[in-house]
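Data block below; observations after.
The chains referred to below are lettered A, B, ... by the order of the sequence lines, with proteins before strands, and numbering in each begins at 1.
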Amino acid sequence: MSKVAIIGVGQSSFVRGYAGSIRELAFEAYAEAMSDAGLTNDQIGATVVCSAPEYDKQRSPAGVIVEHLGLNPQPTFYTESLCCSSTTGLKLAYSLVQSGLHDSVMVIGFQKMSEITSAESQERMGRGADIQWESPFGTMMPAYYAMFAQGYLDQYGASEEDLALIRVKAATYGQLNERAVYRKPVDLAQCLAADPVASPLKLMDCCANADGSSCIIVASEEKAKQWGVAQPVWIRGLGSASAPVNLALRESFSSFAAATEAGRQAYAMAGIGPKDIDVAEVHDCFTIAEMLAYEDLGFAPRGGGPELIRAKETYKEGSIPVNVDGGLLSKGHPIGATGGSQLRTIVLQLRGQAGDIQVKDPEFGLVHNMGGVGIYGNVVILGR
Amino acid sequence: MSKVAIIGVGQSSFVRGYAGSIRELAFEAYAEAMSDAGLTNDQIGATVVCSAPEYDKQRSPAGVIVEHLGLNPQPTFYTESLCCSSTTGLKLAYSLVQSGLHDSVMVIGFQKMSEITSAESQERMGRGADIQWESPFGTMMPAYYAMFAQGYLDQYGASEEDLALIRVKAATYGQLNERAVYRKPVDLAQCLAADPVASPLKLMDCCANADGSSCIIVASEEKAKQWGVAQPVWIRGLGSASAPVNLALRESFSSFAAATEAGRQAYAMAGIGPKDIDVAEVHDCFTIAEMLAYEDLGFAPRGGGPELIRAKETYKEGSIPVNVDGGLLSKGHPIGATGGSQLRTIVLQLRGQAGDIQVKDPEFGLVHNMGGVGIYGNVVILGR
Amino acid sequence: MSGSKKPEADRRFAKFGTVSFTATTKVNDFIGYLEEGQVCGTKCVTCGSVFFPPRAQCYKCRDKARIEWFQVQGSGKLATYSELKYAPTGFGEDLPYAIAVLDMGGYKLFGRIGDVPLDQVRVGMELTPVAHELPGGQINYVFNRC
Amino acid sequence: MSGSKKPEADRRFAKFGTVSFTATTKVNDFIGYLEEGQVCGTKCVTCGSVFFPPRAQCYKCRDKARIEWFQVQGSGKLATYSELKYAPTGFGEDLPYAIAVLDMGGYKLFGRIGDVPLDQVRVGMELTPVAHELPGGQINYVFNRC
Ligand SMILES: [Zn+2]
Ligand SMILES: [Zn+2]
C-alpha cells in the first residue's frame, strides 16, 4: 500500500474574540499551510472542512470558506465530530487520497466561538449531551468530565493535586507558545485554590474557549515526491472509535473506551507500541482528560497516570513528552481547529522545527483527539 | 483497482411530522437496509451519518443515532453538504472502503424538519445563503432557484409551461410511490394556476418539506462475495464539485457548473457517456432544477431540455427515464435523507426490484444530487 | 404493561426535566408511567435486551422485536457524580445540584441526586431512583436514600 | 482610499441589510463607505484581482497581497432576478421586493431591485447600484434606473 504524507501545516493564533468572520479566520491557517507546502490552489484536489456548526450563524460553512479561499470547483467535504472534527477530517483526507479519488486534500478546521453570545453558547452546550435523556437534568461539559474525574480519583486513590500537576505542566509550555490564548505561569497552589466549577474540577482544570483555525495538507507519496516536498511527514497509523453518548451506557468512569480502541487500531496499523512514541499531543480539554489519555494510550498502566506526571515524565525532558506546546489548557480549544493544531505541533516536532519545545530527534509522534465526553475518539500516529 | 458494491438499501416513508425522534426515524431506514443486506451489526465497519444539522435540537446527531442503532464502538463520520449530504456520504464511504480502512460502511441520511417550529425553520432558511452578503437582502431558497428559472427561460425562450410539465410527470409517478408525501395527481392547468412563490416559480414548482431517513450499505468486492450478496450493485462513477455560494460569483444563471463538472468526472470514471444511462434520479427540489439537470448531465443539449420533457422522453417509456419514483417533487425532500433515497431507487431499478416503475433491463443508473443552489454537486453512476 | 399512543399529537416528553429539549418520541409512555410514580425502562422480549433509557426499537431484532415496559425497582450503587457550581441556561434556579450515574446491576441510570445532602454523597453508596415532580408541571426522576 | 479599523469593537456590519446576520468582518469599511453613499469593492494591487463582494484577503497572493478599496461606478446589466411573494423572518415588511444579480462587466453584485416597478423589470436592463438607507439606521444598496 502506498503512503500518504502531510506536506503542509498552518494555524492561526488562538484568541478570544477574533476580529473577523469565519472565512477570514480560516484564511489565516490556509495561507500558512499553503506557504509551508509551497503550493498553489490548482494543486489542491479537494477540501475537508471541519467544525462544530452550532457556533456559527452561517449554515453550511464549507461553502463560504472554500469560496473565500478560491478553492472552487474542487469538491468539499464538511465533517463534524465535536471536539475531534479535524482529526476525523484527517482520516477522511487520508482515505480520499489512499482510495485514488484525489491526489491531495486540504483539511481546514475552524471555530469562532465568539460568533454567538455567551448565553447562546451556554444553551448549545446543554444540547451537546443526549438531549432526550441527559440534558433535561441540567448538564454541562465540565460536569461530565468531572464525573470521570470523580470516578478516576475514587478508583485509584489519586488526588486533585495530581490533576493540578497537569495544569502546571501545561502552563510551563503555554508561556512559550505565542499562539496560545493563556500564557501566564500557573503554580500548584493557584490550581488548588481556584474556584470550583463542577466537583472535583476547579477553574484551573478547565481549558478556555478560543477562536482559531488550523490547516493540514495531505498528498499521495507520488505527489509529495513530484512536488519536491523536503520533509514529508507520513501518516503511519489511524484509529477511531465511538462510544454511547449517554453515560448510562458506559462501562467505565475511569477510562474512555473510544480512546483505548482508537489507540489500539492506530498502533496496530503503524506496527509499533506506546514505547515507540517520542512525542504526543493529547486532548486535555480538562486536566482529567490528559490523565485518562496517559492510560488509554498505554503511556502508563491503569492507575499509573499520577506517577507519570509526578515524575515529570511527560515534560519535554521526560520519557514521553506530552502537550509540550501548552495543550488545550494553554492554547485554548477552538473546537473544529483543535485536532489540526495538535497535528501541526507533531509535524513541526518530526521535522525538527519546533523551536523552544523541540524534543530530541523524534521518529514517531502521536495525536489523541476526543469528541464530546469520550463519544468519539481519534488517534493518529505520524512518522518521519 | 478493486470494486465497491452497494449491498443494502433502506428508506423510511417520507412524511409530514414524523411521530418520533431522529434516532427512531434513522432506525427505520437502518432496519430495512440491514434486512435487505442480511447483515448483523458486527459486519458494519463504520458509519457515515448525513444531515443538515440546523434542523435538529440535538447537537452532533451521529452520536445518539449510532448509540441507538447499536453501532458502537465502530467509528462514525458525520458529513453535511446541505441537500446532497447523503451522496457526499456515499463518496466518503466508497473512499473508506477503497482505501482499505474499512471493509463495509453504512451511510445513514436523515432529516426531521418538523423538529423545529416553522418560524425557526424560516429563520434558518435565511442563513443558508451567504449570511454576510446575501441574506441581509431577504433571500430564500425558492427565490434563488427562481433566479435560475428566470435566467434559463430568458436565455432559451422556454416557458413556465415547460417547467410545469416536469411537475406533471413527477405527480404521475408520485401516485405510485407509497412512501411519497405528495401522492395526488396534478395536471398542467393546476400547475399554471398555482399561487406564485417567487417569480417565475409557483407553488407546484416547489417540493415539500418532509421528515425521512435513508440507509445505504457499501462493502468491498471481497466482502460482498464472502457474504453471498445476490445482486451487488457496483459504484462505477463518482463525481463531485463545488461552486461559489454567492450568486455574484457565478458565471451562468441557466446551468449549474458544479453539476456539469460532477457529471463529467462521474462519466470519465465509469468510462461511459450520457447515452449509456438507462435510468436516472436527478435533484428536482424545484421543476427548474430537473430542467437544468437534463442539460448539465448531457441528456439534452443546452436549451434542449424543454423538448425532452415535451416529448415525454424522461417518462418511464422514454429514452432516458428520470425520477420515475416521483422525485423530490412528490416524495418530499428530507434534506439529509434525499440522496440516499435516490440511490435506493436506482439500486432497486438495477436489481429489477422497482415494481410498478421498473424500467426495462437497465445496465447503468445515475444519481444527481445538489446541495444549496448549485453550491455542491454530486453525481453517482451505478451499474450491475 | 401498556400505554396509550397518540402518534400525531403526543408531546408528553416536553414535560421531562427542568428544561426539555425534545418532545416527540416513541417512548412517550415513559412520562405516563413517571406521572404514576413509576420509573420504567423497556425490554425486548425476543432477545432479552434490557434498555435504560427505554427504547421502542431493538437493533438486535429489528422487525422481530417485541418491546415491553418494566418498572425499575430496588436500589443501585452510585457509580459517579458531580456537583455543579454553574448551570446551563434555564437551570440556574436548581443550583446547587449534582448529576450522577446509578448502577442497577444489569443497567444504569443517568440522573440527579435527590435527598442526599451534597457533602454526604459518596461513590458506591446505595440509592433508589424515584419519580420527582418539578415546578411548572415538569417531572423527572432523582436518586434518593433507600 | 482608506478607513479606520478598530479590531476589537468594530461591529459596523450589523447595520447591513434589513436583517443582519453577522457583525464581525475585516471589511467593515464597506459600511463606512456605504454611509458616505459609495458602494465599494476591493482589489488586490499585487495580482490585479477585483473582489465584489469585497475581501480583505487574496488567495492568489496570500501574505504578499495588497488590498485597496475601489468605488463601484457606472451601470451594469441585470443578469437575473426574482420577485418574492413570501419573505423570510424579519423581511415581511419589505414585501413585495425582488432580489437580483447585476453584471458590471468585470464583476457582479448580488442585491435588490430599487426604483424599478416590479412589473417593468427585465433581464438585460441597465441599472446602477446605489447606497440605500433602511428604517432603523440600517443600510444596503439597491439597483436603480440609470
Ligand atoms: Zn431484541
Ligand atoms: Zn492578489
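- Smallest separation of non-hydrogen atoms from A:Met140 and C:Pro88: SD-CD, 4.0 Å.
- With rounding to the nearest 0.5 angstrom, the CZ atom of C:Phe110 is 11.5 Å from the CG atom of A:Leu249.
- In this structure, chain C has no heavy atom under 4.5 Å from any part of A:Leu201.
- Of the two parts of C:Phe13, only the side chain, counted from C-beta on, holds a non-hydrogen atom closer than 4.5 Å to a non-hydrogen atom of chain A.
- Distance alone, capped at 3.5 Å, is enough to place a donor-acceptor pair between the C:Lys108 side chain and the A:Arg250 backbone.
- Here C:Phe91 is the residue among C:Phe91, C:Tyr107, C:Tyr86 with the most heavy-atom pairs under 4.5 Å with chain A.
- Contact count against chain A (heavy-atom pairs under 4.5 Å) is highest for C:Pro53 among C:Gly17, C:Pro53, C:Gly111, C:Ala98.
- A:Phe253 contributes atom CZ, which lies 8.0 Å from atom CG of C:Asp103 (distance to the nearest 0.5 angstrom).
- In this structure, chain A has heavy atoms under 4.5 Å from both the backbone and the side chain of C:Leu84.
- Taken from CD1 in C:Ile99 to OG1 in A:Thr139, the straight-line distance is 6.0 Å, to the nearest 0.5 Å.
- Going from atom CD of A:Gln132 over to atom CZ of C:Phe21 covers 12.5 Å, rounded to the nearest 0.5 Å.
- Put simply, of C:Leu102, C:Thr25, C:Asp94, the one with the most heavy-atom pairs under 4.5 Å next to chain A is C:Thr25.
- Of the two parts of C:Val27, only the side chain, counted from C-beta on, holds a non-hydrogen atom closer than 4.5 Å to a non-hydrogen atom of chain A.
- Atom-to-atom distance recorded for A:Gln150:CD and C:Arg122:CZ is 9.0 Å, nearest 0.5 angstrom.
- With hydrogens and angles ignored, the 3.5 Å screen pairs a side-chain donor or acceptor of C:Tyr97 with a backbone N or O of A:Gly138.
- How far OG1 of C:Thr80 is from CD of A:Gln155: 10.5 Å, rounded to the nearest 0.5 Å.
- Using a 4.5 Å cut-off between heavy atoms, C:Val19 contacts chain A through its backbone alone, with no side-chain atom that close.
- The closest donor-acceptor contact from the side chain of C:Ser82 to the backbone of A:Ser199 lies under 3.5 Å.
- Applying the 6.0 Å contact sphere to CZ of A:Arg302 captures more than 12 heavy atoms from other residues, nucleotides or ligands.
- Within 6.0 Å of CD on C:Glu133 lie no more than 12 heavy atoms contributed by other residues, nucleotides or ligands.
- Ranked by non-hydrogen atom pairs under 4.5 Å with chain C, the options A:Asp154, A:Leu247, A:Val197 are led by A:Val197.
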